[in-house]
Visitor: 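The structure that follows is given in the form of structure tokens.
Fair warning: this is a prediction, and the values are worked out from it, not measured in the lab.
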Amino acid sequence: MFRSLSQLLAIDHPIIQAPMAGVSTPELAAAVSNAGGLGSLGIGASDVVQARTAILKTQALTSRPFSVNLFCHQPAKRDEALERAWIESLRPLFAEFGGRPPEVLSEIYQSFIGHEAMLEMLLETAPAAVSFHFGVPDRDVVQAFRDKGIVTLATATRPEEALLIQANGVDVIVAQGFEAGGHRGMFDDKAHDTQLSTFALVQLLKKQVDLPVVAAGGIMDGAGIHAMLSVGADAVQLGTAFLLCPESAADDGYRQRLKSSRLHQTEMTHAISGRAARSLENDYCHHGRIVGQHAVPAYPVAYDIGKALAGLAKSHGHQGYSAHWAGQGVNLIREMPAAELLQTLVREAGL
């Protein structure tokens, strides 16, 4: 039997702030960690220098444990004809704002798989925990973290992925339900998505693997935390709940969208990045429905032009093409400092 996950992670409360690349900050991670949870940094979109800077800044803000998250996606399968067609399908959208799309797309994020420089930096800076999304590194890499005393976590969206995570020596499984905001953690983004809910996935994994299981997806308040712990989760992970915290890097447009209504709809779309990701319903989601999933180039190649369109539209005051990731529980979001939110969650859950 594993010891309590809170003991393993050296935290007071079984609550993890989701890493959320692009939105998480050292200030957010430190605030959560200082309040007794596990703060997280999303460094999957960062280079080694940026990642090191974020880790060192967080270490300067807290002496408590925090986690960093890495993308373990396979190299993009490039298709020049598909990429050209995607560029052309977006050209009219660029033209609406007086711009032109890039003529060539790039694979903008480097996977942690085989990224020796990133591994060396992480072993040197030694954050308390490291988590993996879109896959899991080889067992020898996981062992290198273990030898350094670093706890490892990895996302699973179905039991088959959880078994692979366990086989590679990872310490903790993050069970990501279909309700979760942001990118699905599927190892193979072309595989059939069984769309398991957090509630169902946690219970399945508790029967099929021997590792601690963290529930992630759709959890916004103490009632949700209590429910997940009641069905066997060893901890919970919340992301959307922290978006309106002043410490998050969500920009004004993102915040205005989140606060504009309590009737938000979310949609799983491939159009923004090339991988399935849950976003607030927007113009990009609408375009994706029209053209279909198979018209979108591979991740993260599609994200290259996606970010270009979002930036152009935002410069004209239009937020409809931004990656406003959010989970299905978004209408329960509250605006308060991260430490206050964590304390509220603890009180509501009766922890």
Side-chain angles (χ1 to χ4, degrees), residues 9-11 15-73 108-135 137 141 144-145 148-155 172 174 181-183 185 216 237-251 254-255 273 277 300 303 307 311 322-323 325 337-339 341-342:
L9 294 169
I11 56 179
I15 299 174
I16 300 172
Q17 165 243 318
M20 301 183 291
V23 177
S24 62
T25 64
E27 292 79 9
L28 178 60
V32 172
S33 291
N34 285 333
L38 186 73
S40 303
L41 294 173
I43 62 170
S46 304
D47 61 27
V48 175
V49 172
Q50 292 168 332
R52 180 194 296 273
T53 300
I55 291 170
L56 293 179
K57 185 173 184 180
T58 308
Q59 289 173 333
L61 293 172
T62 183
S63 60
R64 302 296 301 271
F66 65 90
S67 177
V68 300
N69 179 257
L70 301 149
F71 296 160
C72 293
H73 54 282
I108 58 174
Y109 298 152
Q110 182 174 351
S111 174
F112 180 61
I113 303 297
H115 196 337
E116 293 297 327
M118 186 69 80
L119 174 60
E120 290 176 10
M121 184 276 292
L122 291 168
L123 294 175
E124 177 191 336
T125 56
V130 170
S131 65
F132 312 114
H133 206 58
F134 304 142
V141 173
F145 286 122
K148 198 71 175 174
I150 298 171
V151 178
T152 53
L153 307 87
T155 301
V172 181
V174 178
H183 283 95
Q237 179 172 284
L238 291 74
T240 303
F242 287 96
L243 287 174
L244 284 180
C245 293
E247 300 92 344
S248 96
D251 63 21
Y254 203 167
R255 292 174 186 273
S273 72
Y303 221 171
K307 288 177 178 292
S322 297
W325 307 133
L341 176 57
L342 191 85

Visitor: Restricting to side-chain hydrogen bond (donor to acceptor under 3.5 Å, both in side chains), what partner residues turn up for Ser111, sequence neighbours left out?
Guide: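 Not a single residue meets the side-chain hydrogen bond (donor to acceptor under 3.5 Å, both in side chains) criterion with Ser111.
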Visitor: Tell me which pairs pass ring pair (Phe, Tyr, Trp, His ring centres under 6.0 Å) where either residue lies in residues 25-52, with sequence neighbours left out.
Guide: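 Pairs touching residues 25-52 that pass the test: none.
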Visitor: Which heavy-atom pair separates Ala54 from Thr58 by the least distance, and what is that distance?
Guide: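 Smallest heavy-atom distance, with atoms named: O-OG1, 2.8 Å.
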Visitor: So Val172 and Thr152, do their side chains get closer than 4.5 Å, heavy atoms only?
Guide: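 They are not in side-chain contact.
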Visitor: Under the rule for side chain to side chain contact (heavy atoms under 4.5 Å, CB included), what residues qualify as partners of Ala10, not counting sequence neighbours?
Guide: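 Pro65.
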Visitor: Would you give the length of the straight line joining atom CZ of Phe66 to atom CD1 of Ile11, rounded to the nearest 0.5 angstrom?
Guide: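 The CD1 atom of Ile11 is 14.0 Å from CZ of Phe66, to the nearest 0.5 Å.
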Visitor: Measure across Ala144 and Leu123 and return the closest heavy-atom pair with its distance rounded to 0.1 Å.
Guide: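 It is O-CD2, 3.6 Å.
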Visitor: If the condition is side chain to side chain contact (heavy atoms under 4.5 Å, CB included), which residues does Ala338 pass it with, not counting sequence neighbours?
Guide: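 Testing Ala338 for side chain to side chain contact (heavy atoms under 4.5 Å, CB included), a comparison that skips the adjacent residues, returns Leu28, Ala31, Val32, Phe242, Cys245, Glu247.
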Visitor: Shortest non-hydrogen contact from Leu342 to Ala35?
Guide: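 Answer, listing the atom of Leu342 first, then Ala35: CD2-O, 3.2 Å.
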Visitor: If you round to the nearest 0.5 Å, how far is CZ of Phe134 from CG of Asn69?
Guide: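 Here the interatomic distance stands at 8.5 Å.
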Visitor: Donor-acceptor check, side chain of Thr155 to backbone of Gly185, threshold 3.5 angstrom: yes or no?
Guide: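 Checked: no pair found.
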Visitor: Counting only pairs under 3.5 Å, give me each side-chain donor-acceptor contact of residues 37-44, with atom names and distances, residues two or more places apart or in other chains.
Guide:
from: Ser40; atom 1: OG; to: Gln17; atom 2: O; distance (Å): 2.7

Visitor: With sequence neighbours left out, what residues match Lys57 under salt bridge (Lys or Arg N to Asp or Glu O under 4.0 Å)?
Guide: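 Glu27.
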Visitor: Hey, mind stepping through Phe145 and Val151 against side-chain contact (heavy atoms from CB on, under 4.5 Å) and telling me if it holds?
Guide: CA-CA 7 Å; Phe145 286 122; Val151 178; over 6 Å; no
Visitor: Listing request: all side-chain hydrogen bond (donor to acceptor under 3.5 Å, both in side chains) pairs with a residue in residues 117-129, at least two apart in sequence or in separate chains.
Guide: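 Qualifying pairs: Arg52-Glu124.
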Visitor: If I compare all heavy atoms of Leu122 with all of Ile150, which pair ends up nearest, and what's the gap?
Guide: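 Smallest interatomic distance, heavy atoms only, reads O-CD1, 4.0 Å.
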Visitor: Hey, could you give me the OG1/CE distance between Thr25 and Met20, rounded to the nearest 0.5 Å?
Guide: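 The OG1 atom of Thr25 sits 9.0 Å away from the CE atom of Met20.
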Visitor: Applying side chain to side chain contact (heavy atoms under 4.5 Å, CB included), name anything that partners Ala323, two or more places apart in sequence or on another chain.
Guide: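 Result, side chain to side chain contact (heavy atoms under 4.5 Å, CB included) vs Ala323: Ile272, Tyr303, Trp325.
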Visitor: What residues form a ring pair (Phe, Tyr, Trp, His ring centres under 6.0 Å) with His133, not counting sequence neighbours?
Guide: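 Per chain and number, His133 pairs via ring pair (Phe, Tyr, Trp, His ring centres under 6.0 Å) with no residue.
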Visitor: Just how far is it from atom CZ of Phe71 to atom NE2 of His115, taken to the nearest 0.5 Å?
Guide: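 Nearest 0.5 Å value for the CZ-NE2 distance: 12.5 Å.
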Visitor: Please check if the side chain of Ser248 supplies one atom and the backbone of Leu243 the other of a donor-acceptor pair under 3.5 Å.
Guide: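 Side chain of Ser248 to backbone of Leu243: a pair is present.
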Visitor: I need the Gln50 CD to Ile55 CD1 distance, nearest 0.5 Å.
Guide: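 Output value for this atom pair is 12.0 Å.
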Visitor: Would you confirm whether Asn34, through its side chain, and Leu61, through its main-chain N or O, come within 3.5 Å as a donor-acceptor pair?
Guide: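 The answer is yes, because a donor-acceptor pair under 3.5 Å joins these two groups.
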Visitor: Minimum heavy-atom separation for Ile108 and Pro300, please, with both atom names.
Guide: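 The answer is CG1-O, 3.8 Å.
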Visitor: How would you list, by chain and number, every residue that makes a salt bridge (Lys or Arg N to Asp or Glu O under 4.0 Å) with Glu116, sequence neighbours excluded?
Guide: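 None.
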Visitor: Would a distance-only check, ignoring hydrogens and angles, find a side-chain to backbone donor-acceptor pair under 3.5 Å from Arg255 to Leu244?
Guide: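 The answer is yes, because a donor-acceptor pair under 3.5 Å joins these two groups.
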Visitor: Among residues at least two apart in sequence or on other chains, which ones pass salt bridge (Lys or Arg N to Asp or Glu O under 4.0 Å) with Asp47?
Guide: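 In terms of salt bridge (Lys or Arg N to Asp or Glu O under 4.0 Å), with neighbours along the sequence ignored, Asp47 is linked to no residue.
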Visitor: My understanding is that only residues two or more places apart in sequence, or in another chain, count here; which of them pass ring pair (Phe, Tyr, Trp, His ring centres under 6.0 Å) with Phe112?
Guide: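 Counting only residues at least two positions away or on another chain, Phe112 forms no ring pair (Phe, Tyr, Trp, His ring centres under 6.0 Å).
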Visitor: Check whether any side-chain heavy atom of Leu238 lies under 4.5 Å from a side-chain heavy atom of Ile16, and answer yes or no.
Guide: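 Counting from C-beta outward, Leu238 and Ile16 never come under 4.5 Å.
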